[in-house]
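Step one of this worksheet: look at the structure below.
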Amino acid sequence: MSLKHKIIIDTDPGQDDAIAILLALGSPELEVLGITAVGGNVPLLLTQTNARKICELAGRPDIKVFAGASRPLVRSLVTAENVHGKTGLNGPDLPEPTMPLQEQHAVDFIVETLMREESGTVTLCPLGPLTNIALALNREPRIGDRIKQIVLMGGGFFEGGNITPAAEFNIYVDPHACEVVLGSGIDIVMMPLDVTHKALTSASRIAAFRGLGSRVGTAAAEMLEFFERFDEEKYGTDGGPLHDPCVIAYLIKPDLFSGRRCNVEVETGSELTMGMTVVDWWGVTSRGKNATVMRDIDAAGFFALLVERLGRLS
Ligand code: BDR
Ligand code: CA
């Protein structure tokens with residue numbers, strides 16, 4: 001029996017998704033059962049291709065990559081080429097992948113895996129819009145009781161939004177899917193912008209990746225240099241926020257993060273605040289606590305972990 005923590009990464013790479021995948025593949029505590037792609041930062045055809053590029057960069061062409069939903073449950077797809085570039089992975093020059101895309105649909109893979117593996121042993125790690133996760137829960141509600149935890153990157157409260165003044169990108173793209181997940185009763189840990197905006201890729205942190213002197217280290221530095229240029233200008237910071245790796249880092253070193261359990265609801269009606277995550281941080285309602293919302297991070301510890309683990313992929 002494997003003693004590793006079994007995870008499925010649901011993702012829309014994206015440079016920060018790519019670093020999250022590399023972190024997972026460089027971490028011996030984790031067993032990546034599969035990577036499921038979703039349309040988000042760029043359309044599905046690119047996200048599933050990018051996921052395979054990253055597995056090959058990590059020297060792991062054996063990882064199973066599945067394509068899932070190409071569009072959100074209800075709304076039209078919104079993408080973010082302005083942040084991630086035309087391919088979603090602009091920065092390094094990575095070869096077209098030769099490892100295959102799995103034939104099975106991502107949603108079927110998620111359902112089948114959760115029904116097969118021992119109940120309470122598999123954690124879902126959504127790094128993009130929650131469409132695939134919601135579709136899986138709708139398809140087979142029994143998986144809700146079998147999922148160990150959902151640790152997701154999405155939302156923002158004190159920090160506001162990044163795609164609209166009120167909403168964070170992943171949740172904004174598919175707020176209806178987020179509603180399904182928040183209402184599922186599953187143990188949820190949320191990494192919102194309140195955390196990720198404290199995990200900034202400063203010049204010295206990027207230099208540490210480059211300093212690994214490996215293909216992975218160089219590609220990581222090139223991805224982050226491309227990725228941060230937009231956010232540095234937007235936020236006026238030294239470096240951009242490194243969102244998605246927070247999810248994987250939490251599984252390895254939860255003490256890097258702090259937050260509290262509270263009620264979170266998502267706006268699906270108002271166009272003005274569409275996709276806003278309304279967090280009852282102060283407990284001013286009697287609504288049930290449905291998520292652990294993180295607010296702080298030990299950023300130095302987080303980047304030290306990243307460099308050490310990406311270093312193992314050399
Ligand atoms: C999230 O949106 C995407 O652009 C990033 O990959 C991250 O998952 C941050 O809002
Ligand atoms: Ca993402």
Side-chain angles (χ1 to χ4, degrees), residues 8-24 35-44 46-51 53-54 65 68-69 72 77-91 106 124-133 150-175 177-178 181 189-201 220 223-224 226-232 234-235 237 239-250 266 274-277 293-294 297:
I8 296 174
I9 302 177
D10 188 72
T11 177
D12 62 339
Q15 293 88 350
D16 61 324
D17 302 73
I19 303 290
I21 293 168
L22 292 173
L23 175 60
I35 296 179
T36 52
V38 64
N41 285 323
V42 285
L44 180 67
L46 288 167
T47 60
Q48 57 92 342
T49 304
N50 291 344
K53 282 185 183 176
I54 296 304
V65 175
L77 180 64
V78 175
T79 53
E81 286 85 356
N82 58 329
V83 182
H84 300 272
K86 218 172 157 111
T87 69
L89 219 48
N90 282 36
L124 300 185
C125 303
L127 311 177
L130 291 159
T131 320
N132 285 341
I133 311 299
I150 296 181
V151 184
L152 66 90
M153 191 281 134
F157 190 59
F158 296 97
E159 192 70 8
N162 61 357
I163 178 86
T164 75
E168 180 278 329
F169 178 80
N170 290 342
I171 307 300
Y172 177 77
V173 173
D174 200 340
C178 180
V181 172
V189 176
M190 198 169 132
M191 292 290 169
L193 298 177
D194 305 288
V195 169
T196 67
H197 279 189
K198 293 171 184 155
L200 297 176
T201 59
M223 279 191 257
L224 294 178
F226 183 90
F227 182 54
E228 69 174 13
R229 89 219 176 290
F230 172 83
D231 282 332
E232 279 183 329
K234 180 171 165 191
Y235 300 115
T237 47
L242 192 48
H243 310 281
D244 294 338
C246 291
V247 165
I248 306 297
Y250 174 78
V266 61
M274 181 64 69
M276 178 180 180
T277 45
V293 179
M294 295 302 172
I297 178 173

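Counting convention: from 1, in listed order, for ligands and their atoms alike.
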Task: side chain to side chain contact (heavy atoms under 4.5 Å, CB included) evaluation trace for Ile35 with Ile21 - done: CA-CA 9 Å; Ile35 296 179; Ile21 293 168; 3.8 Å; yes

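- Take the Ca ion (ligand 2) as the corner point: the lines to OD1 of Asp12 and to OD1 of Asp17 open at 90°, to the nearest 10 degrees.
- Residue, atom and distance of the protein heavy atom nearest to atom 8 (O) of ligand 1 are Asp244 OD1, 2.7 Å.
- Listed by number with element, the atoms of ligand 1 under 4.0 angstrom from any heavy atom of His84 are 3 (C), 4 (O), 6 (O).
- The shortest heavy-atom distance from Gln15 to ligand 1 is not under 4.0 Å.
- Of all the heavy atoms of Asn162, the ones lying under 4.0 Å from any atom of ligand 1 belong exclusively to the side chain.
- Residue Leu152 holds its CG atom at 10.5 Å from CG of Asp244, rounded to the nearest 0.5 Å.
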Open item on the list: Could you go through Val266 and Ile171, starting from their C-alpha distance and side-chain angles, then the distance that decides it, and tell me whether this counts as side chain to side chain contact (heavy atoms under 4.5 Å, CB included)?
Closed with: CA-CA 8 Å; Val266 61; Ile171 307 300; 3.6 Å; yes

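- For ligand 1 and Leu127, the ligand atoms under 4.0 Å from any heavy atom of the residue are 8 (O).
- Taking atom 9 (C) of ligand 1 as the reference point, the nearest protein heavy-atom neighbour is Glu168 OE2, 3.2 Å.
- Looking at ligand 1, you won't find any N or O of Met153 less than 3.5 Å from one of its N or O atoms.
- The shortest N or O to N or O distance between Asp12 and ligand 1 is not under 3.5 Å.
- Side chains of Asn90 and Gln15 form a contact here, defined as non-hydrogen atoms less than 4.5 Å apart.
- For Asp244, the N, O or S atom with the smallest separation from the Ca ion (ligand 2) is OD2.
- In this structure, atom 6 (O) of ligand 1 lies nearest to the protein heavy atom Asp16 OD1, 2.6 Å.
- Using the six-membered ring where Trp is involved, His243 and Phe227 have ring planes that are perpendicular, over 60° apart on the 30 and 60° scheme.
- In summary, Leu127 places an N/O/S atom under 3.0 Å from the Ca ion (ligand 2), meeting the contact criterion.
- Ligand 1 lies less than 4.0 angstrom from a heavy atom belonging to Asn41.
- Contact check for Thr196 versus Met153: side-chain heavy atoms found under the 4.5 Å cut-off.
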Open item on the list: For Leu127 and Asp10: C-alpha separation, side-chain torsions, deciding distance, then whether side chain to side chain contact (heavy atoms under 4.5 Å, CB included) applies.
Closed with: CA-CA 6 Å; Leu127 311 177; Asp10 188 72; over 6 Å; no

Open item on the list: Please evaluate residues Met274 and Thr164 with respect to the criterion side chain to side chain contact (heavy atoms under 4.5 Å, CB included), reporting the C-alpha separation (whole Å), side-chain torsions for both, the decisive distance (0.1 Å), and the verdict.
Closed with: CA-CA 9 Å; Met274 181 64 69; Thr164 75; over 6 Å; no

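- A side chain to side chain contact (heavy atoms under 4.5 Å, CB included) with His84 is found for one member of Asp12, Asp16, Asn50 and no other, namely Asp16.
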